[in-house]
> 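Have a look at this one.
Order of listing sets the numbers, starting from 1, for every ligand and every atom in it. Start at 1 with the first residue, then count along the sequence. Excluded from the calculations below are hydrogen atoms, water molecules and symmetry mates; all remaining heavy atoms, backbone and side chain alike, are included.
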Amino acid sequence: MNLSRTRTTAGADGLRALHDAPSTAVLGFDFDGTLAPIVDDPAAARAHPRAADALARLAPRVGALVIITGRPAAVAVEYGGFEGIDGLVVLGQYGLERWESGELTVPEPPPGVAEVRERLPRVLAGAGAPAETFVEDKGQAVAVHTRRCAEPQAVLDGLRGVLGELAGSAGLVVEPGRFVLELRPPGMDKGMALRRFVEAGLAGGAAPSMVLFAGDDLGDLAAFDAIDVLRGEGVPGVKVCSGSAEVTALAERADLIVDGPAGLVDFLETLLPG
Ligand SMILES: O=P(O)(O)OC[C@H]1O[C@H](O[C@H]2O[C@H](CO)[C@@H](O)[C@H](O)[C@H]2O)[C@H](O)[C@@H](O)[C@@H]1O
């Protein structure tokens with residue numbers, strides 16, 4: 001493993017801890033933009049062609065593999081091709097849902113989601129949202145995408161206020177992302193999900209010896225925060241940014257920057273025996 005690839009001493013310490021004791025390491029990943037290249041249609045997103053194989057080969061070598069995604073857990077499993085990966089846990093909808101070994105746990109959505117679903121078309125029409133504005137219904141949340149609009153950032157910025165009001169009036173919060181505003185339940189984020197996963201310990205009861213998380217989008221900053229807290233408590237950690245021109249906030253805080261999903265898979269393959 002090439003420790004000099006890291007930009008920080010703490011990151012090099014974290015990678016060294018991974019190298020020294022992989023069997024008690026926790027490796028966490030975001031899905032879209034990190035394991036799966038970004039595409040215009042959310043339903044067309046698929047994991048990088050080498051991602052599932054790399055994860056399947058890593059699974060028996062590390063303490064735990066967890067994907068923490070804004071997607072419904074079952075969707076990430078399907079789009080990722082992750083069905084047969086023993087030992088992989090997928091926490092969907094920012095940690096509300098859990099998939100492991102084919103078992104899926106999904107809570108009842110709060111009533112605010114149905115309210116937002118019903119009111120959203122009128123709110124979008126009233127705000128003059130272009131026809132290319134796309135609504136993704138995720139069951140626990142509703143996402144408004146502007147990627148396919150001619151001016152996606154301007155449309156997104158123009159919708160922030162009305163969608164914030166709509167979410168607030170229904171007891172939901174707005175989660176901003178790459179040309180998307182998600183109206184979702186409060187009370188859980190990727191940092192809390194990662195923290196709980198780590199605190200639950202590894203199969204067999206061992207405490208994780210290090211934690212790595214790789215992400216690309218604003219929702220992943222909470223997981224970076226969790227890594228910082230763990231480091232403060234003496235658990236080595238590595239923050240990996242799947243770099244893009246669309247979001248720069250993660251790169252500023254990352255120990256290691258890789259070139260999108262292809263770069264992440266290349267990195268994962270360096271953790272495997274040749
Ligand atoms: O937490 P993640 O796994 O990164 O999921 C976050 C959201 O990702 C998806 O949207 C993003 O990817 C789409 C497909 O590449 C892209 O078209 C869109 O512009 C991106 O924002 C997904 O559709 C959302 O449901 C996820 O919450």
Side-chain angles (χ1 to χ4, degrees), residues 28-48 51-52 55 65-82 88-99 106 109 113 116-117 120 130 132-153 155-157 159-160 163 167 172-185 188-194 197 213-224 226 240-247 249-250 258 260-262 264:
F29 308 95
D30 162 64
F31 183 71
D32 290 282
T34 301
L35 289 169
I38 291 291
V39 292
D40 283 351
D41 178 2
R46 295 294 181 271
H48 183 278
L55 292 175
L65 286 180
V66 59
I67 293 171
I68 309 178
T69 172
R71 295 273 191 174
V75 171
V77 170
E78 181 192 342
Y79 291 5
F82 301 143
L88 174 68
V89 174
V90 179
L91 302 177
Q93 310 255 18
Y94 296 90
L96 293 175
E97 301 181 357
R98 182 181 176 106
W99 176 95
V106 176
V113 177
V116 160
R117 185 178 292 124
L120 187 57
E132 294 80 11
T133 308
F134 173 74
V135 176
E136 178 190 16
D137 193 332
K138 306 198 287 182
Q140 310 278 341
V142 181
V144 178
H145 292 266
T146 65
R147 180 173 295 278
R148 289 185 256 176
C149 299
E151 295 187 65
Q153 189 62 50
V155 177
L156 196 79
D157 291 341
L159 291 174
R160 270 181 219 280
L163 293 184
L172 304 184
V173 293
V174 174
E175 179 81 44
R178 294 175 71 166
F179 298 135
V180 65
L181 295 168
E182 299 188 45
L183 284 65
R184 70 173 187 85
M188 180 57 86
D189 62 33
K190 292 193 181 190
M192 293 169 70
L194 180 61
F197 186 83
F213 189 82
D216 72 308
D217 205 352
L218 300 178
D220 300 314
L221 288 171
F224 276 18
V240 181
C241 169
S242 171
S244 76
E246 286 179 0
V247 180
L250 273 84
V258 296
L264 180 73

> Search all heavy atoms of A193 against all heavy atoms of I68 and return the closest pair with its distance.
CB-CG2, 4.0 Å
> Any idea how H145 and F134 line up, ring-wise: parallel (<30°), tilted (30 to 60°), or perpendicular (>60°)?
tilted
> Side chain to side chain contact (heavy atoms under 4.5 Å, CB included) with L88: which of V77, I67, V66?
I67
> May I have the N/O to N/O pairs between ligand 1 and the protein that fall below 3.5 Å, each with atom names and distance to one decimal?
from, atom 1, to, atom 2, distance (Å)
ligand 1, 1 (O), D30, OD1, 2.8
ligand 1, 1 (O), G70, N, 2.8
ligand 1, 1 (O), K190, NZ, 2.6
ligand 1, 3 (O), D30, OD1, 2.9
ligand 1, 3 (O), F31, N, 3.2
ligand 1, 3 (O), D32, N, 3.0
ligand 1, 3 (O), T69, OG1, 2.7
ligand 1, 4 (O), D30, OD1, 2.5
ligand 1, 4 (O), D30, OD2, 3.2
ligand 1, 4 (O), D32, O, 3.1
ligand 1, 5 (O), D32, OD2, 3.3
ligand 1, 8 (O), D32, OD2, 3.1
ligand 1, 15 (O), V39, N, 2.8
ligand 1, 15 (O), V39, O, 3.3
ligand 1, 17 (O), V39, O, 2.5
ligand 1, 19 (O), R147, NE, 2.6
ligand 1, 19 (O), R147, NH2, 3.3
ligand 1, 19 (O), R178, O, 3.1
ligand 1, 21 (O), R178, O, 2.7
ligand 1, 23 (O), E136, OE1, 2.8
ligand 1, 23 (O), E136, OE2, 3.4
ligand 1, 23 (O), H145, NE2, 3.4
ligand 1, 25 (O), E136, OE1, 2.7
ligand 1, 25 (O), E136, OE2, 3.2
ligand 1, 25 (O), K138, NZ, 2.9
ligand 1, 27 (O), K138, NZ, 2.7
ligand 1, 27 (O), E182, OE1, 3.3
ligand 1, 27 (O), E182, OE2, 2.6

> So which atom in P109 and which in G139 form the shortest heavy-atom distance, rounded to 0.1 Å?
CB-O, 3.5 Å
> Go through the steps for E136 and R71 under the test salt bridge (Lys or Arg N to Asp or Glu O under 4.0 Å), then give the verdict.
CA-CA 10 Å; E136 178 190 16; R71 295 273 191 174; 3.5 Å; yes
> Is it the case that the side chain of Q93 and the backbone of P185 share a donor-acceptor pair, with hydrogens and angles ignored and the cut-off at 3.5 Å?
no
